[in-house]
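Chain letters run A, B, ... following the sequence lines, proteins first and then strands; every chain starts at 1.
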Amino acid sequence: MALKYELKQTILHVDNLSVAYDGKVIIHKVSFEEKDTVRPEKNTGQTIAFLGRSGRGKSTLFRTLTGLEKPTTGKVLIPDYKKQITNGLQPAKMVEEGDVGFVNQKYTLFRHKTIYQALMFALRKTNLAKSEKHDKIMSYISDWGLEGCMNQYPVFLSGGQRQRTAILEQLLSSGYYIVLDEPFSGLDIGNIRNVKKSFQLISDSNELNTIIFSTHDIELAVELADSIYVVGYDKSDSSGSQVGTIVKHFDLKEMGLAWHEGLKKEHIDLIDNIKQVMLAS
Amino acid sequence: MIKRWFRPFEKVSSKESAIIILIWIVLVLGYWTLASTGTKHLFPTPGQVWNGFKSLYEEGLVVHIVSSLGLFLQAIVLAVIVSLTIIYLSPLPALKPVAVILSRFRFLPLTGITFYLAMLVSDARRMQVSVLVIFMSLYFITSLLSVLKDIPQEEIDHARSLKSSRWEVLWEVVIKGRFDYVLDVLRQNLAIIWMMLVTVESILVAAGGLGVLIKNSDKFMNHGRIVALQLVILLVGLMLDVVLNVLRKSLFKYSTF
């Protein structure tokens, strides 16, 4: 049964994006739009998955979404919450470095900062007083189960602790958006569960929170995401060049497949469908 | 048990490792004693080396060691300041060629540089320091450039994604994040620097130092003294190596390599 929801303002608008390095086009004609999803009596953020075979430009797309890479053409727009709403619309802004949190698959951290110091660094540009920053960090550390290791350096942390710290510092720094490049790659079953829990924590804490992640695990994408994009080579390109673009979008909310516990037959059919799309692109 | 010691990649206990080291010490000492007996021999006897030590001590060995360490410290501090300034500015595209070209200059011969420095610097002590600083800096710049090159792009991106300006990335990732590597680079280049220091010291005999003692010992062909002095230089060098390593590990707890 499809769960009720309502679409509000646009939270991410990507328009005709392309990226080329030294004249070689990696991705092109990438356009999509995501809106704030509101569910009755439940705080639910957006969870968007990107699937696609290796070398199709997912990482390049992610670097552009986070502002770490300048697009060759096109733009990435997000709401500018620093500006007042005018005519019922939140003004938009081009994405810049730091607007969107980015966690790579290695869960990179500052090697010379303890968890506490790293989180304090993530909050350094906020207007909070030092004591408020401390309280906020301690509250997150407690919620994310990092009390026992808050004064440890990354080299002494377990894989799970590193993941949680990497996600947390990006959340504290960037606000509503977080992009994770293959967060489940190479993780054991316990750590996969931890990352899934982190997704739930982020999603439940604010309806504007938006998680964008890539994975090779189609089942996991269908289980977690409410919107799935398949990135592949553009077969319509007559030049025959191998350039990545979005070849298919599956809106799981519209399909009535989002926010379900466990996978039903419709989910399995969707997984097969996605596989076919991926193999053909 | 002994058969296992000759099997490649075999793991041995710490007790066995200690026995192996002890055997080697006995073998070396035994060979030394045997090789130094008779009328014609290449090495001085242990007794001659001991006498060499005593003679060096009476000649002010401790003062010379202190002089060498003083020169070493002075040159190291200046060389580190010079090379770090050049290295920390090398991420700026406009200044990168300076670091790269200076790194290539390490192939310049010491004598050629000394000749030009002699024309520029009249004071011999300053001359010693200048030669050492120039050569140390060239080696440091080479090693530090490699440290910089090995910083993964992910670390730079991580700092950028946390709203760091480019200067903040330089400060956090390169300067603060790799400061322990500076001590390690120093340690790795220590052997060549230490060797250079002893050579440079022979430029100015009046300033003293271990290099002066070597020069004097060579002059009189006193084998016992020469070997004793080599051992002293080796031990002081090893001690500096240990001190730098301990310093790195105690100052930077996260530096586990």
Side-chain angles (χ1 to χ4, degrees), chain A residues 21 59-60 62-70 95-115 117-126 149 151-157 162 165-175 177-182 212, chain B residues 80 84 87-88 90-94 96 143-188 244-257:
Chain A
Y21 299 124
S59 295
T60 305
F62 275 18
R63 286 176 58 79
T64 318
L65 291 180
T66 53
L68 293 172
E69 198 74 58
K70 287 264 176 290
V95 78
E96 288 169 23
E97 274 179 38
D99 286 337
V100 175
F102 181 57
V103 179
N104 63 37
Q105 56 178 294
K106 291 181 188 163
Y107 293 98
T108 305
L109 295 167
F110 287 117
R111 60 188 292 274
H112 61 289
K113 289 190 195 295
T114 61
I115 292 183
Q117 289 168 340
L119 299 182
M120 198 51 112
F121 183 83
L123 281 176
R124 75 199 183 288
K125 297 212 168 163
T126 60
C149 53
N151 292 317
Q152 296 279 8
Y153 290 105
V155 73
F156 303 113
L157 300 178
R162 277 184 78 97
T165 311
I167 295 172
L168 205 46
E169 64 172 5
Q170 296 292 341
L171 266 183
L172 291 176
S173 170
S174 63
Y177 299 87
I178 188 159
V179 168
L180 301 102
D181 194 6
E182 295 191 25
I212 302 168
Chain B
V80 165
L84 284 184
I87 282 298
Y88 289 155
S90 72
L92 277 71
K96 191 173 181 178
S143 304
L144 290 168
L145 267 181
S146 158
V147 169
L148 224 66
K149 201 171 135 255
D150 288 341
I151 295 177
Q153 183 62 37
E154 288 96 347
E155 283 193 45
I156 312 271
D157 285 348
H158 167 249
R160 286 172 66 197
S161 70
L162 290 169
K163 294 191 170 95
S164 300
S165 69
R166 296 298 167 92
W167 290 102
E168 241 180 328
V169 174
L170 182 70
W171 173 245
E172 289 294 339
V173 179
V174 178
I175 301 178
K176 279 169 80 182
R178 289 293 183 283
F179 207 73
D180 54 328
Y181 279 80
V182 174
L183 279 181
D184 198 57
V185 159
L186 207 65
R187 197 177 69 84
Q188 281 176 20
L244 283 175
N245 209 19
V246 169
L247 202 65
R248 175 175 64 83
K249 291 194 171 175
S250 51
L251 285 179
F252 309 101
K253 300 283 180 212
Y254 52 84
S255 192
T256 50
F257 56 85

Counting only heavy atoms not in [X] (residues, nucleotides, ligands), do more than 12 fall under 6.0 Å from its [atom1]?
X      : atom1 : result
B/K163 : NZ    : yes
A/K125 : NZ    : yes
B/Y88  : OH    : yes
B/K176 : NZ    : yes

> Under 4.0 Å between a Lys/Arg side-chain N and an Asp/Glu carboxylate O for B/E172 and A/K113?
Replying inline: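 Judged by the 4.0 Å cut-off on N to carboxylate O distance, B/E172 and A/K113 do form a salt bridge.
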How many angstroms lie between atom [atom1] of [X] and atom [atom2] of [Y], to the nearest 0.5 angstrom?
X      : Y      : atom1 : atom2 : value
A/T108 : B/D157 : OG1   : CG    : 8.5 Å
B/S165 : A/E97  : OG    : CD    : 9.5 Å
A/R63  : B/Q153 : CZ    : CD    : 5.5 Å

>> Let's test your reading of the structure: which of A/R124, A/K106, A/Q152 forms the most heavy-atom pairs below 4.5 Å with chain B?
In response: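 Most heavy-atom pairs under 4.5 Å with chain B: A/R124.
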> What option among A/L109, A/V100, A/L172, A/V179 has the most heavy-atom pairs under 4.5 Å with chain B?
Replying inline: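 Answer, by heavy-atom pair count under 4.5 Å with chain B: A/L109.
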> Taking side chain as C-beta onward, heavy atoms only, is B/F252 less than 4.5 Å from A/R111?
Replying inline: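 Not in contact.
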Taking all non-hydrogen atoms of both residues, which atom of [X] and which atom of [Y] are closest, and how far apart?
X      : Y      : value
B/V173 : A/F110 : CG2-CE2, 4.1 Å
A/G67  : B/R160 : O-NH2, 4.3 Å
B/S161 : A/S173 : O-OG, 4.2 Å

> Do B/T256 and A/Y153 pass the side-chain contact (heavy atoms from CB on, under 4.5 Å) test, and can you show the C-alpha distance, the side-chain angles, and the key distance before you say yes or no?
Replying inline: CA-CA 11 Å; B/T256 50; A/Y153 290 105; over 6 Å; no
